[in-house]
Amino acid sequence: MYKKLHLRLTILFTGMSAAILVIMSLSYLYMSEKDLKDNYFLSFQSKINDFTATLEQQNTLSWDWLKKTAARQNFTLTFYDNETPLSYNQLMLSKTELELTSEVIDYAMEVILPELENGSTYSAAHKEFFWDSKENGHFYASVLKIRKNAGTLTGIILLSLESYTNQITRQRMRFLLLNIIGIGVLFFVSYFFTGKLLTPVIEARQKQNAFIAAASHELRTPIAVICSAASAAKAANGPKQERFFHIIEKESLMLSTLTDDLLLLNRADSGRLILNIESVELDTLLLNCYESFEPLVREHKQTLQVLLPKGTIPCCRCDKERICQVLSILISNAVSYGKSGGYIKLELSYSQSVFWITVEDNGIGIADKDKPYIFDRFYRVDESRSEKEHFGLGLCIAKEIIETHGGSINLADNPEGGTRFFLLLKAV
Ligand code: ADP
């Protein structure tokens, strides 16, 4: 599924970038071709100006000079003396060139020459234009007229645009090649970046799948127990039946706790974990926790101590119920993973608008290899050592609650053995 999405996104990004690249290249190409064409025409016009000026100065037309100029400038020259073709034309031009000039002279006679005659009072006049010969290609053409003595010399000058066309074709091919390479590079770059873009989505999806699998696994056990106890209860009676009902009740309570935990995590994930923020005296809160847990701690043959700062401390802006829930998780863990005869210490301190709450035990401790995963969902160090109602969700719920408060939760080894959890809460 993600492979397809990855490819689709790559194609989408490449397509969009390629479209921009192609549009920009075409615009550049259009402008550069237009410039090239204008320059080519201007340079042709300036060559014709020079050519006409030199021609005007000559009393007798030098064939040798004409031949050399035609070769140097790549011109095809044809001349008419009072509308009679010069023998130069027949001698110097090929059959194709003669055909071509006869095409142009027809047009020149009809359109250009009348214009030159009407418009020009000078002894020499010329006009340049583009000539598209169906059979011989594209040309720039110039028709010039020089009045000399009693006669008139008419010339047709043609410059083949073959080299210009070749230059344009080469430029277009270079652009095409560059665009193909560019699109190829864009494809690989897009593939790489969309891959990077999708990584967190894929990871989130994998985490969600793992979460659902683990949640289903945890839900299955109590449901199976409830089902079998219910069917056994139907067949039993008296105290036996009573025992089955007790099992159903206990497992249902566990299911209820588990679903509450799952709902809380779901709310935290979707940013819907609403806190009921109020001013809370944390020392009183710790004492309340002490009172609630003392009997359980005693039952486990452990001791519970509370250490509070001397003097008065400011109130903390937090959700009393949720902070109580976090402390319950930590104390209940300390009881479960503590040792008989061990101690649990709750300590509150305050400095520079920060509250620190420490929950310390001298129990089995947490190995370094497990520490990075201890806040992961459904993570239990040793499942066989965990009690049935421990789903591996306590610490991640504590983390979500504390982080929603803008605080942090960390752990360290207790130098006397066991674990020390630190909660940081901001005073404001
Ligand atoms: P659980 O509901 O299983 O206790 P938690 O998320 O609260 O889940 O804890 C995750 C795991 O971290 C526990 O299974 C346990 O192995 C370990 N752990 C948590 N607190 C302590 C502690 N105080 N001492 C030793 N191990 C602990």
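When a residue number appears, it is its place in the shown sequence, counting from 1. First listed ligand is number 1; within each ligand, the first listed atom is number 1. Values reported hereafter were calculated over all heavy atoms of this structure, with side chains retained and with hydrogens, waters and symmetry mates removed.
For the side-chain hydrogen bond (donor to acceptor under 3.5 Å, both in side chains) criterion with E400, the lone passing option out of R267, H405, R377 is R377. When I157, L158, D132 are each tested for a side-chain contact (heavy atoms from CB on, under 4.5 Å) with F139, only one passes: L158.
With a 4.0 Å cut-off on non-hydrogen atoms, I366 touches ligand 1 through its side chain and not its backbone. Under 4.0 Å from ligand 1, heavy atoms of V381 appear from its side chain as well as its backbone. Residue contacts with ligand 1, taken as heavy atom pairs separated by less than 4.0 Å, do not involve F375 at all. In L393, the part holding a heavy atom less than 4.0 Å from any atom of ligand 1 is the backbone.
For N333, a nitrogen or oxygen atom sits less than 3.5 Å from a nitrogen or oxygen atom of ligand 1, counting backbone and side chain alike. At a 3.5 angstrom cut-off on N or O pairs, I364 does not count as close to ligand 1.
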Would you list the atom pairs, donor with acceptor, under 3.5 Å between side chains in residues 98-113 and any protein atom, with sequence neighbours excluded?
from	atom 1	to	atom 2	distance (Å)
T101	OG1	E97	O	2.7
T101	OG1	L98	O	3.1
S102	OG	E99	O	2.7
E103	OE1	W131	NE1	3.3
E103	OE1	S133	OG	3.3
E103	OE2	S133	OG	3.4

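Remark: the S32 side chain and the Q171 side chain contain an N/O donor-acceptor pair separated by less than 3.5 Å. Judged purely by distance below 3.5 Å, without hydrogens or angles, the side chains of T10 and S190 never pair a donor atom with an acceptor atom.
Ligand-side atoms of ligand 1 in range of I374: 12 (O), 17 (C), range being under 4.0 angstrom from any heavy atom. Close approach to G394 involves these atoms of ligand 1, each under 4.0 Å from a residue heavy atom: 5 (P), 6 (O), 7 (O), 8 (O). The contact set between ligand 1 and F391, taken as ligand atoms under 4.0 Å from a residue heavy atom, comprises 2 (O).
Aromatic ring pairs are classed by plane angle as parallel below 30°, tilted from 30° to 60° and perpendicular above 60°; the pair F51 and W65 is parallel. By the 30° and 60° cut-offs, the orientation of the rings of F130 relative to H138 is tilted.
Ionic pairing of D361 and K339 is not present here: no N-O contact between side-chain nitrogen and carboxylate oxygen is shorter than 4.0 angstrom.
One option in A398, S332, G392 has a heavy atom closer to atom 2 (O) of ligand 1 than any other, and that option is G392. The option from T419, D370, D361 that lies nearest to atom 23 (N) of ligand 1, judged by heavy atoms, is D361.
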